Amino acid sequence: MESGKEIQELNRNLYPAIEPYSTGFLKVSDVHTIYWEQSGNPNGHPVVFLHGGPGGGTSQSNRRFFDPEFYRIILFDQRGAGKSTPHACLEENTTWDLIDDIEKLREHLEIPEWQVFGGSWGSTLALAYSQSHPDKVTGLVLRGIFLLRKKEIDWFYEGGAAAIYPDAWEPFRDLIPDNEGESFVSAYHKRLNADDLETQYAAARAWTKWEMMTAHLLQNEENIKKGDDDDFSLAFARIENHYFVNKGFFPSDSFLLDNVDKIKHINTTIVQGRYDVCCPMMSAWDLHKAFPEADFKVVSDAGHSANEPGIAAELVAANEKLKILAKKNEP
């Protein structure tokens with residue numbers, strides 16, 4: 001641990017926007033091809049950004065959490081998301097497929113090991129990947145912890161979070177007839193996989209808008225508009241729902257907590273918004289208790305989104321801290 005003085009001196013401001021120096025597509029199966037990009041320093045310390053959803057895809061702003069002079073910044077769109085093809089495809093789309101893809105991309109880019117950064121579903125995938133390949137991970141930054149347990153899904157999709165956002169909940173709820181209301185995740189699954197594309201789009205818009213309206217402490221209109229983008233919504237809603245119906249493809253509800261011992265040697269920071277409604281702090285707290293070796297940062301004036309000022313500041317600082325450690329370990 002650094003002293004308080006050193007931590008105060010870490011940069012906490014997002015870095016300027018940059019463009020990639022290389023982009024490409026990697027065929028990872030007979031069905032799927034994933035989009036990847038690299039920005040920052042081609043000879044820098046590699047870091048891979050794992051986006052949320054699942055199904056959310058990456059965006060240009062994701063590059064700004066990392067010092068581009070120090071980091072070789074790798075972003076990629078997971079199966080069916082963003083620029084990856086086929087769009088919104090659920091076939092051969094599981095957590096274990098994505099973990100294999102991360103390894104295929106690491107080998108394709110000839111990277112021996114890398115830092116892993118993920119928020120929301122990205123934190124789920126980062127934990128699952130690092131527990132599967134602990135020797136390939138130099139550091140972990142996790143935000144808005146999501147362990148994909150039943151109580152987390154029930155909280156957000158079966159009426160818990162509706163207590164805080166009843167206005168945002170009602171359109172999500174009202175798309176489903178009363179006789180199907182016992183499980184909204186199942187009812188949406190039926191519609192998101194309907195033969196009729198318009199039924200899929202209507203369900204995707206409602207599913208996406210519910211999440212976008214609850215993702216910030218102070219609602220973000222630009223974010224909410226993503227719910228009107230049928231292309232984005234379809235991948236986001238279909239892939240999220242597919243993973244949630246299948247319980248993240250994990251063998252048990254507490255799988256990620258049960259395997260924390262495999263990653264306790266990895267320098268890790270957990271960043272959590274106190275008022276996160278999408279991924280409530282109970283999950284970050286449970287991870288903190290199972291993994292007390294990790295730095296645990298609670299942002300008192302933030303919700304879920306990585307783009308909220310307090311969370312963005314902690315994420316940049318966490319990367320700065322790992323940068324200092326990496327420099328100390330350089331030969």
Side-chain angles (χ1 to χ4, degrees), residues 20-60 62-63 65-66 71-142 146 148 235-236 238-240 242-243 246 248-251 255-256 259 262-263 266 268 322 326:
Y21 65 78
S22 76
T23 62
F25 288 89
L26 179 64
K27 190 166 176 58
V28 287
S29 80
D30 290 342
V31 176
H32 290 276
T33 299
I34 60 168
Y35 166 80
W36 59 268
E37 62 165 65
Q38 300 187 86
S39 55
N41 179 353
N43 301 308
H45 186 80
V47 59
V48 62
F49 179 99
L50 304 181
H51 68 67
T58 54
S59 63
Q60 296 177 7
N62 301 150
R63 306 169 195 143
F65 296 109
F66 312 96
Y71 281 109
R72 176 182 175 186
I73 306 157
I74 296 106
L75 272 55
F76 77 97
D77 291 331
Q78 295 157 30
R79 294 189 181 200
K83 296 175 186 170
S84 294
T85 59
H87 185 70
C89 175
L90 306 183
E91 188 186 341
E92 291 180 16
N93 199 338
T94 74
T95 305
W96 309 106
D97 291 318
L98 301 188
I99 288 171
D100 286 347
D101 293 351
I102 298 170
E103 277 297 276
K104 284 173 185 162
L105 181 60
R106 184 184 62 75
E107 289 166 4
H108 176 70
L109 297 175
E110 299 180 342
I111 292 169
E113 55 182 12
W114 49 11
Q115 186 174 313
V116 178
F117 180 107
S120 195
W121 158 257
S123 76
T124 324
L125 185 58
L127 286 165
Y129 171 74
S130 58
Q131 290 172 7
S132 299
H133 300 282
D135 56 323
K136 301 295 187 287
V137 180
T138 59
L140 273 170
V141 178
L142 308 170
F146 181 38
L148 227 149
F236 187 74
R238 270 173 58 87
I239 297 170
E240 273 200 343
H242 166 69
Y243 274 69
N246 288 289
F249 304 93
F250 294 123
F255 180 78
L256 293 174
N259 286 280
K262 294 176 180 172
I263 58 170
I266 299 171
T268 301
L322 287 174

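Hydrogens, waters and symmetry mates are skipped; everything else that's a heavy atom, side chains included, is used. The model shown is predicted, which means the values in this text are computed figures rather than measured ones.
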Donor-acceptor list for residues 43-58 side chains, cut-off 3.5 Å, not counting sequence neighbours:
| from | atom 1 | to | atom 2 | distance (Å) |
| --- | --- | --- | --- | --- |
| H45 | NE2 | T138 | OG1 | 3.2 |
| H51 | ND1 | G57 | N | 3.2 |
| H51 | NE2 | Q78 | N | 3.0 |
| T58 | OG1 | D77 | OD1 | 2.7 |

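- Side-chain contact between H32 and D101: absent, with no pair of heavy atoms (C-beta onward) separated by less than 4.5 Å.
- Summarising the geometry of P112 relative to R106, their closest heavy-atom pair is O-NH1, 3.2 Å, with the distance given to 0.1 Å.
- No side-chain heavy atom of E103 sits less than 4.5 Å from a side-chain heavy atom of S132.
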Before you tell me yes or no, could you show the steps for L109 and R72 under side chain to side chain contact (heavy atoms under 4.5 Å, CB included), namely the whole-Å CA-CA distance, both residues' side-chain angles and the distance that decides it to 0.1 Å?
CA-CA 11 Å; L109 297 175; R72 176 182 175 186; 3.8 Å; yes
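- A distance of 6.5 Å separates CG of D97 from CG of D100, quoted to the nearest 0.5 Å.
- In this structure, V31 and C89 have side chains that are in contact, with non-hydrogen atoms separated by less than 4.5 Å.
- For the pair I74 and L105, the minimum side-chain heavy-atom distance is below 4.5 Å.
- Aromatic ring orientation, F255 versus F250: parallel (interplanar angle below 30°, classes split at 30° and 60°).
- To the nearest 0.5 Å, atom OG of residue S39 and atom OH of residue Y71 are 13.0 Å apart.
- Counting heavy atoms from C-beta on, the side chains of Y129 and K136 come closer than 4.5 Å.
- To the nearest 0.5 Å, the span separating OH on Y35 from OG1 on T85 amounts to 13.0 Å.
- The salt bridge (charged side-chain N to carboxylate O under 4.0 Å, His left out) test applied to E113 returns no partner, not counting sequence neighbours.
- Within the structure, salt bridge (charged side-chain N to carboxylate O under 4.0 Å, His left out) contacts touching residues 29-55 (residues at least two apart or in different chains) are E37-R63.
- Under the 4.5 Å side-chain criterion, counting only non-hydrogen atoms from C-beta, L125 is in contact with L98.
- Rounding to the nearest 0.5 Å gives a distance of 8.5 Å between CG of L140 and CD of Q115.
- Counting heavy atoms of neighbouring residues, nucleotides and ligands inside a 6.0 Å radius, atom NZ of K83 does not exceed 12 of them.
- Considering all non-hydrogen atoms of both residues, S59 and L75 come closest at O-CD2, 3.8 Å.
- For the pair L148 and L256, the minimum side-chain heavy-atom distance is 4.5 Å or more.
- Closest approach of Y21 to P42, counting heavy atoms only: OH-CA, 3.2 Å.
- Considering NE2 of H242 and CG of N93, their distance stands at 5.0 Å, rounded to 0.5 Å.
- Proximity of a side-chain donor or acceptor of T95 to a complementary backbone N or O of G248 within less than 3.5 Å is detected.
- Taken to the nearest 0.5 Å, the CD1 atom of I239 stands 11.0 Å off from the CZ atom of R79.
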